There are 2 protein chains.
Amino acid sequence: MTTAEENYLKAIYHLSEDGKKSVSTNDVAREMKTKPASVTDMLRKLGEKEMIEYRKYYGVHITEEGKRMALQTVRKHRLWEVFLVDKLNFAWDEVHEVAEELEHIQSPLLIQRLDAYLNYPKFDPHGDPIPDEFGDVKAKPRVALNEMEIDQMGQIVAVKDSSAAFLKYLDKVGAYIGARIKVLDKVDFDGSIEILVDQKKNLFMSKEVAINILVLQS
Amino acid sequence: MTTAEENYLKAIYHLSEDGKKSVSTNDVAREMKTKPASVTDMLRKLGEKEMIEYRKYYGVHITEEGKRMALQTVRKHRLWEVFLVDKLNFAWDEVHEVAEELEHIQSPLLIQRLDAYLNYPKFDPHGDPIPDEFGDVKAKPRVALNEMEIDQMGQIVAVKDSSAAFLKYLDKVGAYIGARIKVLDKVDFDGSIEILVDQKKNLFMSKEVAINILVLQS
DNA sequence: ATATTATTTTAGATATAGCTAAATTATTTT
DNA sequence: AAAATAATTTAGCTATATCTAAAATAATAT
Ligand SMILES: [Mn+2]
Ligand SMILES: [Mn+2]
Ligand SMILES: [Mn+2]
Ligand SMILES: [Mn+2]
C-alpha cells in the first residue's frame, strides 16, 4: 500500500464510521482536499485491490480487509500522537500533521515497541480510542455536547475536530479532556450552550464548538 | 526536497566524504541501487536546484547548500537510530532501514524535541557522529582496523558497514563499540588480523571485516 | 592515432498521483 | 415525463521517479 492509498482508505473508513452505508466520490474529495476526478482514479485502484466495493456512480463501501488496513493506519496515527504529547511535550494541537506522516512508516516491530514503550495507551490526546493490533476498538458511548439537555451532566472524553485553531480555543477557555461538565442553558435560536466546568467555571459556547465536543454522560 | 532527492543527496555526500573531489554517475547508481540512466535524471534535477555542481560526463561535486541539506538528513537519520536503540530497545542491526524512512519526516520541531529527549547524543549506535542543528560535526580521527600495526592499541569507536549481517557477526564474536583492543598479529598473505579484546579475548578476523571496524588509536 | 572498452547520456516506456475541461449519468424539480 | 441541476466519470495533460535499449562521449590500450 502506498501512502496515498493509505490516506484515502483512512478517509473512507472515517466517512463510513457513523453508520453510513456508502460514501460518495464528492465526500472523499472534500475530506482529502482533492478533485472528484482524482478520487475516481483512486477508487478504481482501491476497488481492484478489494479494499472497497466500488460501483460506478453509486459510491463506495469499505470491505472487511479495507477496514482492517484502515484501522492499522489509525492505530499508528494515534500511537504516534500519544508519543509526541507524552514523550516529546508537543501540545495536543501540534501533533496531527506530524502523525499524518509518521503513520506511514512501515515497520510492525516499530509499532509493537512503541505501543509497549507508551504503556499500551487506550486513547490518543484527542480522546479517540486506539485500535489494538487486531484492529479491535473499545468504543465508549459518546454524545456531542450540543445534543445534551439542560441539567444533564457528564465528562468531556474527546473532540471531533483536531485542528490547531479549535484545540487552541479549547485551551484558552479551559475545556479539556477529562473535565466534568453540566449543561446550564441552551439557546433554541442559535443552538448555543452554556455549561459549568468542574463545578466552578461557567462557559458559553456556540453550536459549532459544542458539536465538536464529545461527552460521556453520567 | 522530495524523499528521493534527499536520499540521492545523502548518497552523494557520503561518497564525497573521504576527500573525493568528484563522484561519478556509476558510483551513485551503485550506492542507490538504481540504474545510471536514473541517476543522470536526478543529477540534472539536483544541479538545477544548485545542491550539486553537475558537468555532463564529468561527475558531480556537492555544493555548500547541498552539504547543509545532506547533513540535516544525516542528523535526522542518526537521531532516530539513537531513539530506536535507547528508547525502543532495537538492536543496532535493526535500525537502519526504519531510520531510512523516519529521516524524511518533515518537522523541525520534532527533531529539536527528539534531540532534547535523547539528551543531545553525539554519536549514533554505529559510532557515527551526529551533526548539530547547524550541520557541524565533531569528527574524531579514526583508523580502519586493517591499517593498524602489530602491538598498536586503541578503542573501537565505529563501524563502516551498518548491514544486519555484519553487525550480527560482530555481536556473535564479541566486538562492540567502546571495546579496547590491541593488534596481536597480521597475516600479509590475505590481510587477516588477530586482536585482543578487553585484555582477555583473542579474536581473529578477515580483512573484509577489519576494513569495516574503525578505531581511535591510543 | 586509432580502435576498443567503459561510462554516461538520451530517447522512449511505465507507474503513481495529481489536475482541468468535457462528457455522461443520476437525481431533483417543475 | 421533461428539463434542469448535481454528481461522477472520462479524456487528456503534467510531474516525479523509475526502467531498457540505443547513441554519444571519455578513457584506455594497441
Ligand atoms: Mn497520512
Ligand atoms: Mn488524534
Ligand atoms: Mn532515506
Ligand atoms: Mn548509523
Side-chain angles (χ1 to χ4, degrees), chain A residues 1-16 20-62 66 69-70 73 97 100-101 103-106, chain B residues 1-16 20-62 66 69-70 73 97 100-101 103-106:
Chain A
M1 291 270 286
T2 66
T3 292
E5 287 168 353
E6 286 182 353
N7 284 334
Y8 271 96
L9 197 58
K10 191 156 64 90
I12 293 165
Y13 168 74
H14 284 314
L15 290 168
S16 321
K20 281 177 73 177
K21 50 209 154 255
S22 108
V23 175
S24 76
T25 301
N26 266 359
D27 289 345
V28 177
R30 198 175 316 108
E31 180 82 6
M32 294 295 297
K33 295 173 208 280
T34 55
K35 302 292 160 175
S38 305
V39 172
T40 298
D41 284 345
M42 184 55 89
L43 294 186
R44 185 170 299 113
K45 190 147 68 114
L46 289 174
E48 273 161 19
K49 297 195 172 184
E50 300 189 45
M51 296 291 160
I52 57 174
E53 275 165 44
Y54 172 50
R55 276 181 54 219
K56 259 174 26 173
Y57 290 105
Y58 288 92
V60 11
H61 179 274
I62 196 162
M69 284 292 317
T73 306
E97 285 72 19
E100 204 55 51
E101 291 188 50
E103 70 188 0
H104 304 290
I105 304 290
Q106 302 292 1
Chain B
M1 292 271 286
T2 66
T3 292
E5 286 168 355
E6 285 182 357
N7 284 335
Y8 271 96
L9 197 59
K10 190 156 64 92
I12 293 165
Y13 168 75
H14 284 314
L15 290 167
S16 322
K20 284 177 71 178
K21 48 206 155 261
S22 108
V23 175
S24 76
T25 300
N26 266 359
D27 289 345
V28 177
R30 199 174 315 109
E31 180 82 8
M32 293 295 297
K33 296 172 208 277
T34 54
K35 302 290 158 176
S38 306
V39 173
T40 299
D41 284 346
M42 185 55 88
L43 294 186
R44 185 171 299 114
K45 190 146 69 114
L46 289 174
E48 274 163 18
K49 296 195 173 185
E50 299 188 47
M51 295 290 161
I52 57 174
E53 275 164 44
Y54 172 51
R55 276 182 53 221
K56 262 178 18 176
Y57 290 107
Y58 287 93
V60 3
H61 179 275
I62 196 161
M69 283 293 317
T73 306
E97 286 72 18
E100 203 57 51
E101 292 187 50
E103 70 189 359
H104 304 290
I105 304 289
Q106 302 292 0

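Order of the sequence lines fixes the chain letters, A, B, ..., with proteins taken first and strands second; residue numbering starts at 1 for each chain. This structure is a prediction, so every number in the text was calculated from the model and none was measured.
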For B:S22, the side-chain contact (heavy atoms from CB on, under 4.5 Å) test, sequence neighbours excluded, returns none

Separation of C:dC19 atom C1' from A:M42 atom CE, nearest Å, is 14 Å

Atom CD of A:E48 and atom C1' of C:dA17 are separated, to the nearest Å, by 15 Å

Residues at least two apart in sequence or cross-chain that pass salt bridge (Lys or Arg N to Asp or Glu O under 4.0 Å) with B:R30, listed by chain then number, are B:D27

The nucleotide from C:dT20, D:dT18, C:dA17 with an atom nearest the side chain of A:K35 is C:dT20

So salt bridge (Lys or Arg N to Asp or Glu O under 4.0 Å) across residues 45-55 of chain A, not counting sequence neighbours, yields A:E5-A:K45, A:E5-A:K49

Within the 4.5 Å heavy-atom criterion, are A:K56 and A:Y58 side-chain neighbours or not?
no

Here the gap from A:R44 atom CZ to A:I52 atom CD1, rounded to the nearest 0.5 Å, amounts to 10.5 Å

When rounded to the nearest 0.5 Å, the distance separating CE of A:M69 from CD1 of A:I62 is 10.0 Å

Of B:S24 and A:Y8, the one whose nearest nucleotide on DNA chain C sits closer to the 5' end is B:S24

One should report the stems of DNA chain C, each a stretch of at least three consecutive Watson-Crick or G-U pairs at distances under 3.5 Å, as C:1-30 with D:1-30

Per-nucleotide protein contact along nucleotides 9-16 of chain C, 5' to 3', at a 4.0 Å heavy-atom cut-off (B base, S sugar-phosphate only, - neither), is BB-----S

Q) Are B:N26 and C:dA6 close enough that a side-chain N or O sits under 4.0 Å from OP1 or OP2? A) no

Could you go through residues 6-16 of chain A and list every donor-acceptor pair under 3.5 Å that involves a side-chain atom there, pairing it with any protein atom two or more places apart or in another chain?
from  : atom 1 : to     : atom 2 : distance (Å)
A:E6  : OE1    : A:H104 : ND1    : 2.6
A:E6  : OE2    : A:Q106 : NE2    : 3.2
A:N7  : OD1    : A:H104 : NE2    : 2.9
A:N7  : ND2    : A:T3   : O      : 3.4
A:Y8  : OH     : A:T34  : OG1    : 3.4
A:K10 : NZ     : A:E100 : OE1    : 3.4
A:K10 : NZ     : A:E100 : OE2    : 3.1
A:K10 : NZ     : A:E103 : OE1    : 3.2
A:K10 : NZ     : A:E103 : OE2    : 3.4
A:H14 : ND1    : A:E17  : OE1    : 3.1
A:S16 : OG     : A:I12  : O      : 2.5

Looking only at heavy atoms, the pair that brings B:P36 and B:A29 closest together is N-CB, 3.8 Å

